[in-house]
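Keep in mind it's a predicted model, so treat the numbers as computed, not measured. Throughout, a chain's letter reflects where its sequence line sits, starting with A, and its residues are numbered from 1.
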Number of protein chains: 2
Amino acid sequence: MGRGKIEIKRIENSTNRQVTYSKRRAGIVKKAKELTVLCDAQVSLLMVSSTDKLHEYVSPTTTHKTVYDKYQQESGSDLWQPHYEKMQGTLKKLKETNNKLRKEIRQRNGEDLDELSFQQLCGLEQNMEKSVECVRNRKFHVITTSSDTFKKKIKNHEETQSSLLREFEERDADFRFPSLDYEGDYQSNIGFANGNPQIFAFRVQPKLQSNLQDEEPYGSYGLSLA
Amino acid sequence: MGRGKIEIKRIENSTNRQVTYSKRRAGIVKKAKELTVLCDAQVSLLMVSSTDKLHEYVSPTTTHKTVYDKYQQESGSDLWQPHYEKMQGTLKKLKETNNKLRKEIRQRNGEDLDELSFQQLCGLEQNMEKSVECVRNRKFHVITTSSDTFKKKIKNHEETQSSLLREFEERDADFRFPSLDYEGDYQSNIGFANGNPQIFAFRVQPKLQSNLQDEEPYGSYGLSLA
DNA sequence: TCGTCTATTTATAACGG
DNA sequence: TCCGTTATAAATAGACG
């Protein structure tokens, strides 16, 4: 190879080692290229130097991955494949579950009932009637609670305004018109707050329904309302 | 390299190509070994011949996988990672969809209604009432169709048996007992077939319900019936 | 299809700028 | 540290058995 036979043994001088590494690396890469062209072979060559730098050569007809995959295939040491297959299995199961759930929803929505037997239809009907009752109860609970909250809010306003009124009256007894204006508002609010809850509910509902478009539609209910 | 300068160009004679491949492969492997020892390097060398055979060399201090992992890390061209992440993303989405669907089912089952607004509850109730009507209609359709089918079957039996009876009577007028036996069955069947459909339905239903355990329970209806 | 032998080419260690 | 040069070892194409 050069001036005098060299012995194949670790080069202790690290500078020389690096120089030799560079030269010989080039040599191997050249050989690999020649092998690729001459013999129509596919070579994947990866080299890590003692300074932990990586150098490579791949035949232009392929990639490291392709060659490495072939190696894994041959050696049977593919650790990725089982993991991948497991994931795909999970994916498939989830999709199936999803489809079943969608179907159940469609059936609970009165569609896709063809394949249900008479008994199943009976069960479904019974269950839905029970469920709609739950919804109705919950609805009642919500509207009751929300009118209570409204009442409290109004009562709060009432108190704030009456104290404001008092303040105005105390501070400036000469001003009558502003006082009267406030008194007007005060009265109408009182009337509203003390109204029959039943009637109050009717008054609130249309206002809420007018906002329905702006609310995010929940699931398919939004569609089914249209 | 040998007797006369060789040109680096594909060897067309496939036998020679293989011979050259073997010789040069040995040469590269030798070089790789020398690099490993001399320069304290780690080499992963994979070669695929034109006849699709794989040969390899790895430095004894490492493995192909280790070196390949380093290559992936350095080059950032990990082809598995994006795929893996994509799969995990799909998995996550499917799980979320699943949960949403389950929640919708629970809500259509009258549970988990706490976070629904009054408007949403109204929509849900309305939708469920519409849906239960669909189920009811379907149920009616099924029971009607199935009693029609039953009627036809029975009518068939009736005809078969009456023709049998006729045959018996015509063939052997002396045999009275068998005739009477058949007549008995015949009568009871007729009675059954001509029964009020309403009553017929009642007769069938208990029989079908007793088979309910054997039927595959559909989704959660099986549970909700219990 | 092999291994072995050589005439040559190639690779490269050591050195010098 | 990075060229180029050079003497020499190694690699190897082609031949032969």
Side-chain angles (χ1 to χ4, degrees), chain A residues 1-62 64 67-68 70-71 73-75, chain B residues 1-62 64 67-68 70-71 73-75:
Chain A
M1 288 176 172
R3 290 170 183 269
K5 183 175 173 180
I6 71 135
E7 146 182 54
I8 304 297
K9 189 178 167 183
R10 185 175 193 267
I11 299 168
E12 292 303 332
N13 178 313
S14 82
T15 305
N16 284 347
R17 199 195 310 135
Q18 274 312 110
V19 172
T20 301
Y21 174 75
S22 296
K23 285 187 176 182
R24 279 177 173 260
R25 172 161 52 75
I28 290 193
V29 168
K30 191 181 175 192
K31 293 274 178 202
K33 282 180 183 171
E34 290 176 354
L35 194 73
T36 301
V37 177
L38 277 173
C39 307
D40 207 21
Q42 297 177 314
V43 182
S44 161
L45 174 64
L46 295 171
M47 292 164 292
V48 183
S49 76
S50 60
T51 55
D52 211 41
K53 286 218 166 92
L54 186 129
H55 297 89
E56 51 156 331
Y57 170 77
V58 222
S59 306
T61 48
T62 188
H64 289 298
V67 181
Y68 184 68
K70 188 176 173 65
Y71 160 72
Q73 197 186 329
E74 301 257 330
S75 69
Chain B
M1 292 177 172
R3 288 172 184 268
K5 182 176 175 180
I6 72 136
E7 144 182 56
I8 304 298
K9 187 179 171 185
R10 185 174 192 269
I11 298 167
E12 293 302 333
N13 179 314
S14 80
T15 305
N16 285 345
R17 199 194 309 136
Q18 275 311 112
V19 171
T20 300
Y21 175 75
S22 296
K23 284 187 176 182
R24 279 174 170 263
R25 172 159 52 76
I28 289 192
V29 168
K30 192 179 174 192
K31 293 277 179 203
K33 282 178 181 171
E34 290 176 356
L35 194 72
T36 301
V37 176
L38 277 173
C39 307
D40 207 21
Q42 298 178 312
V43 182
S44 161
L45 173 63
L46 294 171
M47 292 165 290
V48 184
S49 74
S50 61
T51 55
D52 210 41
K53 286 215 166 94
L54 186 130
H55 296 90
E56 50 156 332
Y57 171 77
V58 223
S59 306
T61 49
T62 188
H64 289 297
V67 181
Y68 183 69
K70 187 175 174 61
Y71 158 72
Q73 195 187 330
E74 300 258 330
S75 67

Undergrad: Which of residues 45-52 of chain A sit near DNA chain C, with a heavy atom under 4.0 Å from it?
TA: none

Undergrad: Hey, which sits more toward the 5' end of DNA chain D by its nearest nucleotide, V19(B) or T15(A)?
TA: T15(A)

Undergrad: Mind checking the OH-CD spacing from Y68(B) to Q73(B)? Nearest 0.5 Å is all I need.
TA: 13.0 Å

Undergrad: Taking NZ, NE, NH1 and NH2 as the nitrogens, is one of them in K5(A) or E7(A) under 4.0 Å from a carboxylate oxygen of the other?
TA: no

Undergrad: Let me know the distance between CZ of R25(B) and P of dA13(D), rounded to the nearest Å.
TA: 13 Å

Undergrad: Would you say the side-chain atoms of T61(B) and S59(B) include a donor-acceptor pair closer than 3.5 Å?
TA: no

Undergrad: Do D52(A) and K70(B) come close enough that some side-chain heavy atom pair is under 4.5 Å?
TA: yes

Undergrad: Just how far, in rounded Å, is P of dT12(D) from CD of Q18(B)?
TA: 16 Å

Undergrad: What is the distance, to the nearest angstrom, from the CG atom on N16(A) to the P atom on dC15(C)?
TA: 10 Å

Undergrad: Indicate whether OP1 or OP2 belonging to dA11(D) is found under 4.0 Å from a side-chain N or O atom of K30(B).
TA: yes

Undergrad: Take the protein atom CD of E7(B) and the nucleotide atom C1' of dT10(C), then report the distance between them rounded to whole Å.
TA: 17 Å

Undergrad: Which pair of non-hydrogen atoms, one from L35(B) and one from R25(A), has the smallest distance, and what is that distance?
TA: CD1-N, 4.1 Å

Undergrad: Using whole Å, report how far CZ of R24(A) lies from P of dA13(C).
TA: 5 Å

Undergrad: In whole Å, what is the span from the CD1 atom of I8(B) to the P atom of dT10(C)?
TA: 8 Å

Undergrad: Does any N or O donor sit under 3.5 Å from an N or O acceptor when you compare the side chain of K23(B) with the base of dA13(D)?
TA: yes

Undergrad: Side chains of I6(B) and L38(A): does their closest heavy-atom pair fall under 4.5 Å?
TA: yes

Undergrad: Would you mind reading off the distance between I11(A) atom CD1 and dA14(C) atom P, rounded to a whole angstrom?
TA: 8 Å

Undergrad: For the helix from dC2(C)-dG17(D) to dG17(C)-dC2(D), how many degrees between its two end axes (five pairs per end), to the nearest 10°?
TA: 30°

Undergrad: What's the closest nucleotide to the K5(A) side chain, out of dT10(C), dA13(D), dA9(D)?
TA: dA9(D)

Undergrad: Using OP1 and OP2 only, check whether a side-chain N or O of K31(A) sits under 4.0 Å from dT12(D).
TA: yes

Undergrad: What integer distance in Å separates L38(B):CG from dA14(C):P?
TA: 10 Å

